[in-house]
Amino acid sequence: MGQRLGYLLDQAKEVDFTSATGGTRGKGSSMKLSQLYLPTLKERPAEAEVVSHQLMLRSGMIRKLAAGIYTYLPLGTRVLAKLNQIIRAEMNAAGAQEIIMPFVQPRELWEESGRWQHYGRELLRIKDRHDHEFCLGPTHEEVITDLIRGEVRSYRQLPINLYQIQSKFRDEIRPRFGLMRGREFIMKDAYSFDVDEESSAVSYRAMYRAYGRIFARCGLRFRAVEADTGSIGGNFSHEFMVLAETGEDTVVNCSHCRYAANLEKAEMAPVYNEADTGDENLSAGLKEVLTPGQKTVEEVALFLQIQPRDLVKTIIFSTDKGPVAALVRGDHEISPAKLRTYLGANTLDLADEQLVVEATGAPTGFAGAVGLPIPIYADHSVKGMSGVVMGANKKDYHFKNVNIDRDVKIAGFTDIRMAEEGAPCPKPGCSGRLVFSRGIEVGHVFRLGTKYSAAMKAGYLDAEGKERPAVMGCYGIGVGRTMAASVEQNHDADGIIWPMPLTPFQVLILPVSVKPGEVWTAANELYLRLVEAGFDVLLDDRDDRPGVKFKDADLVGIPVRITIGPKALQEQSVEMRDRRTKETKLIKLNQVVDEIKARIRNEMDEIGAALTAIDQAAVDL
RNA sequence: CGGGACGUGGCGCAGCCUGGUAGCGCACCUGCCUUGGGCGCAGGGGGCCGCUGGUUCAAAUCCAGUCGUCCCGACCA
């Protein structure tokens, strides 16, 4: 585990955003490709499915050791170092302090929080030689809370915010997609402790803002969205999503206002059942109809010759507060996360067959809300529906002509359906529509409240001398995943395209020949000059054919490539190529430094503008 | 954990159905040649065919078990 300290080693320099040049301070770092451990792959490794995984393997950034466990090679490590540098700068600026907590954690701590039982098989448990039980830390709430409770006694010592950049281990059911979902992965995690909710909200806003700055400084296109808190607990959270076509998550945002949420959480302005079913007579009474073996909405709709929207689905869930039923229109999807939040339940799972039979008296597929003895919650869109079809709680039967208001006892109407693209924005007065896009979750901020501090007795004495639990927040960034997300967002058919702030090197010098001669001499002179000027420079001094070097250059994705060939050199010129735009231009040797500076400044100015926008935006959380 | 697939030189794969000599491309080594987009020619090295057991005169190939890996689902930074 000693190598973990390696994260502290930081060769990457701080990029100076304030300088007019947008360049870097001091001398740049340098490397000759012949000395660099850079095993590139021509072919796609069979194990890699997603593009970031393929490209990071092919470009020699990472190698797999076991399922979901990776080594970072020199180039990957350089990217990590730059990313970590940005994270540290922003975390420190936001008032957090860096620490390093143990990776191996004792069972007792996890029993105190109750998670030794609840965390499940994701928690990798091990025994030492004395048969004492430990786990590999999947997260560090327990350790940090233990640390704090030992030292913090007074409100005068709060607030405090501590963070670390460390490996975590989660024995994922199915690791996949390379760094996107590993079992061992690097995470930046921060924990804040405050005297009360109000102060905790201040800490939260500081982190929210810091996160925005971090991802903006990485040069990534991202969005902060409202999110569900899931099993970590708490009641308020945001996810930071890097936008990429290949993202696993759906990001919902408003076409007009700044509303944004993840799919399971996204709300819609209530739409009441505007579509009357037409033929059905409102006064018609309930009618039982035979629907042998017709279980799904599609089957029943087809069988009865109606539209799915004329049906109401009844879904049974088991929660820590007992079984409940949820009602949505046949053509709608339910969001379990919304229901769980609405109920204030800790757990909510789809009922198994046995519970469905117990609750409804019928096998799955025939559940209905009429006369159902458990609490029933319905989506807004169900309100006022009449003449609809619903399960009859009896095998092979459904009801027709159900009138919700008349026939069903609803415990509450609320928004529990999955948002749909084009639905009206939930913000009052906003006329926008919901738009969907794809994203990769790279950061998540939570307000935890006192869940852990209360359970583990991390309290302090307030001004009145009264013992109170500290109010916590926790804030994570998937560091390796952010790196992968950058590749997902920035690549083309030839390889990676690094954003300037994360790139392992800013400039690649590619002499067409390394035989003694003018080309080679010019390449070396330029190399020294660019390093002196402060750039991070890689020199491809390998004695290979130019084609090989060009292919590797594109694969690895250094943003600026300077090609030195005999013809242009006659004119005291070299070729400068922009990896992103593929623009190529001849520039004079004595212009190279200025041209590269301009190129870097160009990209940094965009980032600067994004930062300004973040700083000026109101954080109305 | 349920469903699917795959383990054959460093990488990508064929061979397996129909048992008998382990093969191709890339990479690697030597020499020549070439030098602006993964050149060309010649020579060469490297594989317990994931592992264990069974069937057989004989197993990469058939059978059983086991381990590993990947994909789809339920979970997550």
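Side-chain atoms are counted along with the backbone in the values below, which use heavy atoms only and exclude waters and symmetry mates. Order of the sequence lines sets the chain letters (A, B, ...), proteins ahead of strands, with each chain counted from 1.
- A:Val442 comes within 4.0 angstrom of sugar-phosphate atoms only, judged by non-hydrogen atoms across all strands, and of no base.
- Taking the centre of each ring, A:Phe446 and A:Tyr204 stay at or above the 6.0 Å mark.
- For the pair A:Glu239 CD and B:rC75 C1', the interatomic distance rounds to 13 Å; values are reported in whole Å.
- Judged by distance alone with a 3.5 Å cut-off, no donor-acceptor contact links the side chain of A:Asp544 to the base of B:rG38.
- One finds a salt bridge joining A:Glu141 and A:Arg115 here, because a Lys/Arg side-chain nitrogen approaches an Asp/Glu carboxylate oxygen to under 4.0 Å.
- Minimum atom distance to the side chain of A:Lys551 is reached by B:rG38, of the listed B:rG38, B:rC76, B:rG36.
- Straight-line distance from the CD atom of A:Gln166 to the P atom of B:rA77: 17 Å, rounded to whole Å.
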So which protein N/O to nucleotides 26-29 of chain B N/O distances come out below 3.5 Å?
unit_1: B:rC26; atom_1: O3'; unit_2: A:Lys42; atom_2: NZ; d: 3.4

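- Considering A:Arg121, A:Arg183, A:Arg181 as possible partners of A:Glu172, the one that fulfils the salt bridge (Lys or Arg N to Asp or Glu O under 4.0 Å) test is A:Arg181.
- B:rG10 atom P lies 16 Å from atom CG of A:Leu65, rounded to whole Å.
- Every side-chain hydrogen bond (donor to acceptor under 3.5 Å, both in side chains) that A:Asn92 has, sequence neighbours left out, goes to A:Tyr163.
- Base pairing of B:rC62 is made with B:rG54, judged by Watson-Crick or G-U wobble geometry with both donor-acceptor distances under 3.5 Å.
- Across all strands shown, B:rC1 forms a Watson-Crick or G-U wobble pair with B:rG73, both key distances being under 3.5 Å.
- With both pairing distances under 3.5 Å, B:rC26 is matched to B:rG10 as a Watson-Crick or G-U wobble pair.
- Within the 4.0 angstrom heavy-atom criterion, base atoms lie near A:Arg561.
- With distances taken from any side-chain atom of A:Arg181 to the nucleotides B:rG38, B:rU69, B:rC75, the minimum falls on B:rC75.
- Here the side chain of A:Pro546 is nearest to one of B:rA77, B:rG36, B:rC70, namely B:rG36.
- Nearest to the side-chain atoms of A:Arg176 among the listed nucleotides B:rG12, B:rG38, B:rC71 stands B:rC71.
- In the set B:rA77, B:rC13, B:rG38, B:rC13 carries the atom at the smallest distance from any side-chain atom of A:Ala46.
- The side chain of A:Arg481 lies closest to B:rC76 when the candidates are B:rG36, B:rC76, B:rG37.
- The side chain of A:Ala67 has B:rC70 as its nearest neighbour among B:rU35, B:rC70, B:rA77.
- Map A:Glu172 and A:Ile564 each onto its nearest nucleotide of RNA chain B; the residue landing nearer the 5' end is A:Ile564.
- Side-chain atoms of A:Arg170 and base atoms of B:rC75 include no donor and acceptor less than 3.5 Å apart.
- Nearest heavy-atom pair across A:Glu47 and A:Leu57 is OE2-CD1, 3.8 Å.
- Comparing B:rC70, B:rC39, B:rG37 by their closest approach to the side chain of A:Glu47 singles out B:rC70.
- Look at A:Lys515 and A:Asp543 and you find a salt bridge, because one of the NZ, NE, NH1 or NH2 atoms lies within 4.0 Å of a carboxylate O, short of that distance.
- Regarding A:Asp543, its CG atom lies at a distance of 13 Å from the C1' atom of B:rC33, rounded to whole Å.
- Within the nucleic acid shown, A:Gly480 has no heavy atom closer than 4.0 Å to any nucleic acid atom.
- Pair assignment for B:rG19 gives none, since no Watson-Crick or G-U wobble pairing has each distance under 3.5 Å.
- Stacking here means ring centres nearer than 5.5 Å and ring planes tilted less than 30 degrees, and by that measure A:Phe185 stacks onto B:rA77.
- The base-pairing partner of B:rG46, taking Watson-Crick or G-U wobble contacts with both distances under 3.5 Å, does not exist among the strands shown.
- A donor and an acceptor atom never sit less than 3.5 Å apart when one is taken from the side chain of A:Arg58 and the other from the base of B:rG12.
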How does protein reach along nucleotides 1-7 of chain B, written 5' to 3' as B (base within reach of a heavy atom under 4.0 Å), S (only sugar-phosphate), or - (no contact)? B------
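- In this structure, the CE atom of A:Met180 is 17 Å from the C1' atom of B:rC70, given to the nearest Å.
- Between the A:Tyr211 side chain and the A:Gly476 main chain, a donor and an acceptor come within less than 3.5 Å of each other.
- Look at A:Lys188 and A:Glu98 and you find no salt bridge, because none of the NZ, NE, NH1 or NH2 atoms lies under 4.0 Å from a carboxylate O.
- Mapping A:Thr563 and A:Pro45 onto RNA chain B by nearest heavy atom places A:Pro45 closer to the 5' end of the strand.
- For A:Arg577, the listed nucleotide lying nearest its side chain is B:rG37; candidates were B:rU35, B:rG38, B:rG37.
- Salt-bridge formation is detected for the pair A:Glu575/A:Arg561: a Lys NZ or Arg NE/NH1/NH2 atom is positioned less than 4.0 Å from an Asp or Glu carboxylate oxygen.
- Aromatic ring orientation, A:Phe222 versus A:Phe215: tilted (interplanar angle from 30° to 60°).
- Looking at A:Asp578 and A:Arg580, no side-chain N of the basic residue comes within less than 4.0 Å of a carboxylate O on the acidic one, giving no salt bridge.
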